[in-house]
Amino acid sequence: MAGRANIPTNNSAIIAMIADEDTVTGFLMAGVGNVDLRKKTNYLLVDNKTTVKQIEDAFKEFTAREDIAIVLISQYIANIIRFLVDSYNKPVPAILEIPSKDHPYDPAHDSVLSRVKYLFSAESVASDRR
């Protein structure tokens, strides 16, 4: 079908992460970690020494890779690069904002949730006109 995203059909689709040390460690212990032949990882561990440029570069790299199906990003980190997260409009890889230990989830800042709310409000307006 035209307009559908190409989702990798083999077993190579992986999850990427941009998060704090505790979150990344938890997901690595669950088996999410990956290092390819070029020694590139599928995660960026963000601490107080990580620059905004490094976060932006990791986000751009992960969203451009064809082997990544989902990018998990801590919401407080997504807020740092909000302009990039909000301007990303491809279905694959999906961008999911997650809470971290020190920063609770705020649905008001979640770009995916705001898009879903917008779509449902537009649908309800369209159905009322019928």
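Numbering of residues begins at 1 and proceeds along the displayed sequence.
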**Study point:** Ile73/Leu96 under side-chain contact (heavy atoms from CB on, under 4.5 Å): CA gap, chis, key distance, verdict
**Key:** CA-CA 6 Å; Ile73 183 168; Leu96 298 177; over 6 Å; no
Mind checking the [atom1]-[atom2] spacing from [X] to [Y]? Nearest 0.5 Å is all I need.
X: Arg82; Y: Gln75; atom1: CZ; atom2: CD; value: 6.5 Å
X: Asn34; Y: Ile14; atom1: CG; atom2: CD1; value: 4.0 Å
X: Arg65; Y: Asn42; atom1: CZ; atom2: CG; value: 6.5 Å

**Study point:** Contacts of type side chain to side chain donor-acceptor pair (under 3.5 Å), residue Glu21, not counting sequence neighbours
**Key:**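 Expected list: none.
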Check your understanding: How far apart are the C-alpha atoms of Ile15 and Ile68, what are their side-chain angles, what is the distance that settles it, and do they pass the side-chain contact (heavy atoms from CB on, under 4.5 Å) test?
Key -> CA-CA 6 Å; Ile15 297 174; Ile68 293 179; over 6 Å; no
Exercise for review: For residues Thr25 and Tyr43, determine if any side-chain heavy atom of one lies less than 4.5 Å from a side-chain heavy atom of the other.
Suggested key: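 A side-chain contact under 4.5 Å is absent here.
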Point to revise | Heavy-atom side-chain proximity of Phe62 to Pro93 below 4.5 angstrom | key: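 Answer no - side chains too far apart.
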Practice item. Give the minimum heavy-atom separation between Val85 and Glu97, together with the two atoms involved. Key: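 Heavy-atom minimum between the residues: CG1-OE2, 3.6 Å.
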Point to revise | Nearest heavy-atom neighbours spanning Leu44 and Ala58 | key: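 That closest heavy-atom pairing would be CD2-CB, 3.6 Å.
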Review point. By side chain to side chain contact (heavy atoms under 4.5 Å, CB included), which residues pair with Asp102, not counting sequence neighbours?
Key: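 None.
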Practice item. Apply side chain to side chain contact (heavy atoms under 4.5 Å, CB included) to Asp57 and list each qualifying residue two or more places apart in sequence or on a separate chain. Key: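 Only Lys53 meet the side chain to side chain contact (heavy atoms under 4.5 Å, CB included) criterion with Asp57.
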State plainly whether one hydrophobic cluster holds both [X] and [Y], where clusters connect Ile, Leu, Val, Met, Phe, Trp and Tyr through side-chain heavy atoms under 4.5 angstrom apart.
X: Ile70; Y: Ile77; value: no
X: Leu72; Y: Tyr88; value: no
X: Ile80; Y: Phe83; value: yes
X: Met17; Y: Ile95; value: no
X: Val35; Y: Val32; value: no

**Study point:** Full working for side-chain contact (heavy atoms from CB on, under 4.5 Å) between Val46 and Ile18
**Key:** CA-CA 7 Å; Val46 178; Ile18 302 173; 3.9 Å; yes
Exercise for review: With side-chain contact (heavy atoms from CB on, under 4.5 Å) as the test, would you mind laying out the steps for Leu84 and Glu56 before giving the verdict?
Suggested key: CA-CA 8 Å; Leu84 275 178; Glu56 290 173 359; 3.7 Å; yes
**Study point:** Heavy-atom donor-acceptor pair, Thr23 side chain to Ala19 backbone, under 3.5 Å
**Key:**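 Pair absent, no side-chain N/O of Thr23 close to backbone of Ala19.
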Exercise for review: Would you kindly say whether Thr50 and Asp47 are connected by a side-chain donor-acceptor distance under 3.5 Å?
Suggested key: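 Present: a donor and an acceptor within the cut-off.
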Exercise for review: Run the salt-bridge test on Asp36 and Lys40 with the 4.0 Å N-O cut-off and return the result as yes or no.
Suggested key: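 No, this pair does not count.
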